[in-house]
Visitor: 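One structure is given below, represented as structure tokens, and several questions about it will come after.
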There are 2 protein chains.
Amino acid sequence: MEHRIEKIKKQLHSQSYKLTPQREATVRVLLENEEDHLSAEDVYLLVKEKAPEIGLATVYRTLELLSELKVVDKINFGDGVSRFDLRKEGATHFHHHLVCIECGSVAEIEEDLLGEVESQVENQWGFEVKDHRLTFHGICKSCQKQTVAATTTTHMEQ
Amino acid sequence: MEHRIEKIKKQLHSQSYKLTPQREATVRVLLENEEDHLSAEDVYLLVKEKAPEIGLATVYRTLELLSELKVVDKINFGDGVSRFDLRKEGATHFHHHLVCIECGSVAEIEEDLLGEVESQVENQWGFEVKDHRLTFHGICKSCQKQTVAATTTTHMEQ
DNA sequence: GGGTTATTTATAATTGTTATAATTAATAGA
DNA sequence: TCTATTAATTATAACAATTATAAATAACCC
């Protein structure tokens, strides 16, 4: 944890930004909720718990800054709010997401998966790929199970 | 064109919706600007040219409806506005996009590309894929050329 | 320390979108 | 055809997410 804070601090310094207490509090919230795909509002509320004097605009500005520095990725699942995801240590690419259309859960895929597809795009379309966003919408494992269970227990006759 | 309008009309009717003049005007704007990834506001302004009495809310409602019927896909490139893309005739999947980070142009890829990846996701993560969103960010062909040209003509010495 | 710059706070403004109420158009049945 | 009912639209207000502004505060450098 401290190690990752330290690293982010260096990233900020290298562009002559400072890790102010507010920014640090924001980063800590992101680290502590790494799996959660928080919205700016979510982050704001969590930061407020540990630093009640922080303003919403500061959180927005910090997230924007972290996004420019590629410390976080700003994602949008089409529900009207932007969400912020810490980029994993050492990861150079944007990770992928599995959004369940039943329960709304969001899982992550760290594996690249797109190597093949990207070189196809580069060769066939002459487009130099720098980054990508890939999201699958579908039914997650546990919702599939529930459907099966429900079907079984109700003894549906057709 | 008329053929496609007719088809959309049927799709609406099949769910007991009507193709009102306002809805038709909206659909026509989408058909006439098929390559353009229009925002709701864009659509509104274009529709207003041919049917000045239409309201913004109606355009929003129509786009929402068309989106539910999978006539259009609602996409979001992270610039704060939703964009609406006609689904190509016969296409069952969401097409992909190449967004140029230099000039902002957006190109489309109709080919599926993800067949392999999707079965991998289904097998390895047990996630039943229903739909996907894939966007590549990078440098388009013409911006690549311009960079090369600029580098050449300025005779940069190091 | 004094001046400059960066950052933050609080708040107002803006923007994209959605909800509401009144009106109009379409539809179905008597 | 008249009437009742429902669907759709308009105009506008409300809302929610985000961004801009101005004043205050903190950090930094000479």
Side-chain angles (χ1 to χ4, degrees), chain A residues 8-29 37-69 71-85, chain B residues 8-29 37-69 71-85:
Chain A
I8 290 166
K9 189 172 182 176
K10 276 181 193 151
Q11 272 184 277
L12 283 163
H13 284 164
S14 76
Q15 313 262 341
S16 59
Y17 292 111
K18 297 162 211 164
L19 185 64
T20 63
Q22 292 88 341
R23 286 177 183 163
E24 183 172 335
T26 305
V27 170
R28 280 185 191 279
V29 163
H37 307 91
L38 302 173
S39 69
E41 187 77 26
D42 294 336
V43 174
Y44 171 63
L45 292 174
L46 287 167
V47 170
K48 238 179 151 44
E49 285 176 15
K50 50 177 66 176
E53 70 290 352
I54 202 169
L56 177 60
T58 300
V59 171
Y60 269 100
R61 250 177 291 117
T62 301
L63 291 172
E64 195 57 42
L65 179 60
L66 293 174
S67 182
E68 270 166 40
L69 296 179
V71 172
V72 304
D73 288 316
K74 189 175 180 179
I75 46 177
N76 202 304
F77 294 132
D79 57 353
V81 298
S82 295
R83 296 175 182 280
F84 297 86
D85 248 25
Chain B
I8 290 166
K9 190 172 181 176
K10 277 182 194 149
Q11 275 184 272
L12 284 164
H13 284 164
S14 76
Q15 314 263 341
S16 59
Y17 293 112
K18 298 163 210 161
L19 185 64
T20 63
Q22 293 87 340
R23 287 176 182 164
E24 183 171 335
T26 305
V27 170
R28 280 184 191 278
V29 163
H37 307 90
L38 302 173
S39 69
E41 187 77 25
D42 295 336
V43 174
Y44 171 64
L45 292 174
L46 288 166
V47 171
K48 235 176 154 41
E49 287 176 14
K50 50 177 67 175
E53 71 290 352
I54 202 169
L56 178 59
T58 301
V59 171
Y60 270 99
R61 250 176 292 117
T62 301
L63 291 172
E64 196 56 43
L65 178 61
L66 293 174
S67 182
E68 269 165 39
L69 296 179
V71 172
V72 304
D73 288 318
K74 188 174 180 179
I75 46 177
N76 201 305
F77 294 134
D79 57 354
V81 298
S82 295
R83 296 173 183 282
F84 297 87
D85 248 24

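These numbers come from the heavy atoms of this one structure, side chains and all, not from hydrogens, waters or symmetry mates. Just so it is clear: chains get the letters A, B, ... in the order the sequence lines come, proteins before strands, and each one is counted from 1. None of these values were measured; they are calculated from a predicted model.
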Visitor: Indicate yes or no: does A:E24 engage A:K9 in a salt bridge with an N to O separation below 4.0 Å.
Guide: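 A:K9 and A:E24: not salt-bridged.
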
Visitor: Given atom CD of B:E68 and atom C1' of C:dT18, what is their separation to the nearest angstrom?
Guide: 14 Å

Visitor: Spell out, as yes or no, whether a donor-acceptor pair under 3.5 Å connects the side chain of B:T58 to the backbone of B:I54.
Guide: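 No; zero donor-acceptor contacts below 3.5 Å.
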
Visitor: On DNA chain C, nearest-nucleotide positions of B:P21 versus B:G80: which is more 5'?
Guide: B:G80

Visitor: Between D:dA17, D:dT10, C:dG16, which nucleotide has the shortest distance from any of its atoms to the side chain of B:V81?
Guide: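 Nearest to the side chain of B:V81 among the choices is C:dG16.
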
Visitor: Give a yes or no on whether the backbone of B:H37 and the side-chain of B:R83 come within a donor-acceptor separation of less than 3.5 Å.
Guide: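 Flag set: sc B:R83 to bb B:H37 pair under 3.5 Å.
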
Visitor: Check whether any side-chain heavy atom of B:Y17 sits under 4.5 Å from a side-chain heavy atom of B:R23, and report yes or no.
Guide: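 Touching, per the 4.5 Å side-chain cut-off.
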
Visitor: Is the shortest side-chain N/O distance from B:Y60 to OP1 or OP2 of C:dT17 below 4.0 Å?
Guide: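 Yes, such a contact exists.
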
Visitor: Whole-Å distance between C:dT17 P and B:K74 NZ?
Guide: 7 Å

Visitor: Would you tell me if any nitrogen or oxygen in the side chain of A:Q22 comes within less than 4.0 Å of OP1 or OP2 on C:dT9?
Guide: yes

Visitor: Mind calculating the distance between CG (A:L45) and P (D:dA17) to the nearest angstrom?
Guide: 11 Å

Visitor: Using atom CG of A:L56 as one end and atom C1' of D:dA17 as the other, report the distance to the nearest whole Å.
Guide: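 In whole Å, D:dA17 C1' and A:L56 CG are 9 Å from each other.
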
Visitor: Which of these nucleotides, C:dT18, C:dT11, C:dT7, is closest to any side-chain atom of A:A57?
Guide: C:dT11

Visitor: Choosing from D:dT18, D:dC28, C:dG16, which nucleotide comes nearest the side chain of A:A40?
Guide: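 Of the candidates, D:dT18 comes closest.
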
Visitor: Roughly, in whole Å, what's the span from CG in B:D79 to P in D:dA17?
Guide: 18 Å

Visitor: Whether B:R61 contacts C:dA19 is assessed here as follows: a side-chain N or O lying under 4.0 Å from the phosphate OP1 or OP2. Is that the case?
Guide: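 No, no such contact exists.
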
Visitor: So that I can tick it off, tell me whether B:K74 and B:E64 are bridged by a salt bridge, with the cut-off set at under 4.0 angstrom between side-chain N and carboxylate O.
Guide: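 Salt bridge flag = yes for B:K74 with B:E64.
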
Visitor: For the pair made of OH in A:Y17 and C1' in D:dA27, what is the distance, rounded to whole Å?
Guide: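 Distance, rounded to whole Å: 17 Å.
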
Visitor: Taking any heavy-atom pair under 4.0 Å as a contact, classify A:E41: base, sugar-phosphate, or nothing.
Guide: nothing

Visitor: At less than 4.0 Å, is any side-chain N or O atom of A:S82 found next to OP1 or OP2 of D:dT18? Yes or no.
Guide: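 Result: yes.
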
Visitor: Counting side-chain heavy atoms from CB outward, which of C:dT27, D:dT9, C:dT7 is closest to A:K18?
Guide: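 Side chain of A:K18 sits closest to C:dT7.
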
Visitor: Both B:T20 and A:S39 contact DNA chain D. Taking the nearest nucleotide for each, which residue is further toward the 5' end?
Guide: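 First, find each residue's nearest nucleotide; the 5'-ward one identifies B:T20.
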
Visitor: Taking NZ from B:K48 and P from D:dT9, how many angstroms apart are they, rounded to a whole number?
Guide: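 Rounding to the nearest Å, NZ of B:K48 and P of D:dT9 are 14 Å apart.
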
Visitor: Specify the separation, in whole Å, of atom CG of B:L63 and atom P of D:dA8.
Guide: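 One finds 16 Å between P of D:dA8 and CG of B:L63, rounded.
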
